[in-house]
Amino acid sequence: MKFEELKTFLDEKADQYNHSGFIEKDPISIPHRFVLKQDIEISGFLTATISWGNRKSILNSAEKMLGFMNHSPYDFVLNVSEKYLKSLEGKPVHRTFNGEDFAEFIRNLKRIYAEYGSMEPLFFPQENESSYYHALNRFRNVFLGNADHRSRKHVSSTYKNSSAKRLMMFLRWMVRQDNKKVDFGIWKLHSPAHLSVPLDVHTGNVSRSLGLVIRKQNDWKTVEELDVILRKMDAVDPGKYDFALFGLGVSGAL
């Protein structure tokens with residue numbers, strides 16, 4: 001397809017898959033249970049963190065985490081005792097993300113919310129940055145701190161060429177603003193123009209099938225390659241094409 005034909009096709013597919021019916025079976029359904037900004041952030045971040053593998057399994061594991069938090073993520077993070085966190089350390093959560101990892105994540109969130117009141121300022125790109133490449137690394141450093149804990153492996157590093165798919169998905173949820181009511185758009189000071197598509201097997205394979213990228217690895221260099229053409233299609237909201245690429249991949253329509 002020529003560029004304009006491809007843009008029209010992807011615009012149509014983005015619109016097709018970006019609707020409220022998308023929510024129910026997707027991990028984004030977990031933060032959609034909440035109204036308070038901090039509840040949405042915390043439940044969204046934790047759900048995005050475990051978003052690999054079967055979607056049904058992801059939702060079941062997210063339910064488990066909500067149960068640990070008494071279905072009140074923000075209140076739990078602010079008030080949980082170290083004794084209770086210790087009691088969770090031996091519990092299974094999701095695959096290699098275990099109770100010890102979950103407890104450490106909560107400790108880190110407790111520190112962050114005590115200092116910042118929200119996760120939003122930790123992700124700000126600087127004035128001369130056109131993507132979240134550096135911002136994600138800065139967030140990782142602040143969130144993990146200096147502790148050499150096993151949970152570090154669950155926060156991807158763009159500086160190690162990771163596509164940071166789960167963090168980029170979380171950012172899409174928080175930053176994108178439209179009238180479709182799938183993404184939240186609660187981080188008003190962020191610009192959707194900085195977003196990249198969360199690159200995974202589905203979005204990567206569809207992108208290659210359509211000739212959007214050449215690289216075969218699903219890494220940050222491929223994210224940058226994809227950024228170039230998607231930002232030509234829509235410089236204001238390139239993240240919307242995640243709906244098109246992921247939807248085509250999951251549905252098998254391409």
(request) Salt-bridge test for Glu89 and Arg150: reply yes if a basic N is under 4.0 Å from a carboxylate O, no otherwise. (result) no

(message) With a 4.5 Å cut-off on side-chain heavy atoms, are Phe34 and Glu41 touching?
(response) no

(request) Quickly, which of His194, Arg138, His190 forms a side-chain hydrogen bond (donor to acceptor under 3.5 Å, both in side chains) with Tyr132? Name it, please. (result) His190

(message) Could you check whether any side-chain heavy atom of Ser151 comes within less than 4.5 Å of a side-chain heavy atom of Arg107, counting everything from C-beta outward?
(response) no

(message) Under a plain distance cut-off of 3.5 Å, with no hydrogens placed, do Asn108 and Arg111 share a side-chain donor-acceptor pair?
(response) yes

(message) Quick one about Ser163 and Asn218 (side-chain donor to acceptor, distance below 3.5 Å, no hydrogens or angles considered), yes or no?
(response) no

(message) Measuring centre to centre across the rings, with the benzene-like ring taken for any Trp, is Phe139 within less than 6.0 Å of Phe45?
(response) yes

(message) Closer than 4.0 angstrom, basic N to acidic O: yes or no for Asp15 and Lys180?
(response) yes

(request) Evaluate the side-chain proximity of Phe105 to Val155: yes if any heavy-atom separation is below 4.5 Å, no if none is. (result) yes

(message) Less than 4.5 Å apart, side chain to side chain, heavy atoms only: is that true for Pro192 and Val236?
(response) no

(request) May I ask you to test the Ile28-Asp183 pair for a side-chain heavy-atom distance under 4.5 Å? (result) yes

(message) In the structure I gave you, are the side-chain heavy atoms of Trp52 and His94 within less than 4.5 Å of one another anywhere?
(response) yes

(message) Counting the benzene-type ring for Trp, do Tyr74 and Tyr113 have ring centres under 6.0 Å apart?
(response) yes

(message) Less than 4.5 Å apart, side chain to side chain, heavy atoms only: is that true for Val142 and Tyr116?
(response) yes

(request) Decide yes or no for Lys188 and Gln177: does some side-chain heavy atom of the first lie under 4.5 Å from some side-chain heavy atom of the second? (result) yes

(request) Compute the centroid of each ring, for His71 and then for Phe76, and state whether the two points are separated by less than 6.0 Å. (result) no

(request) Could you verify whether a donor N or O on one side chain and an acceptor N or O on the other, from Thr222 and Asp219, lie under 3.5 Å apart? (result) yes

(message) Is the distance from the ring center of Trp187 to that of Phe170 below 6.0 Å?
(response) yes

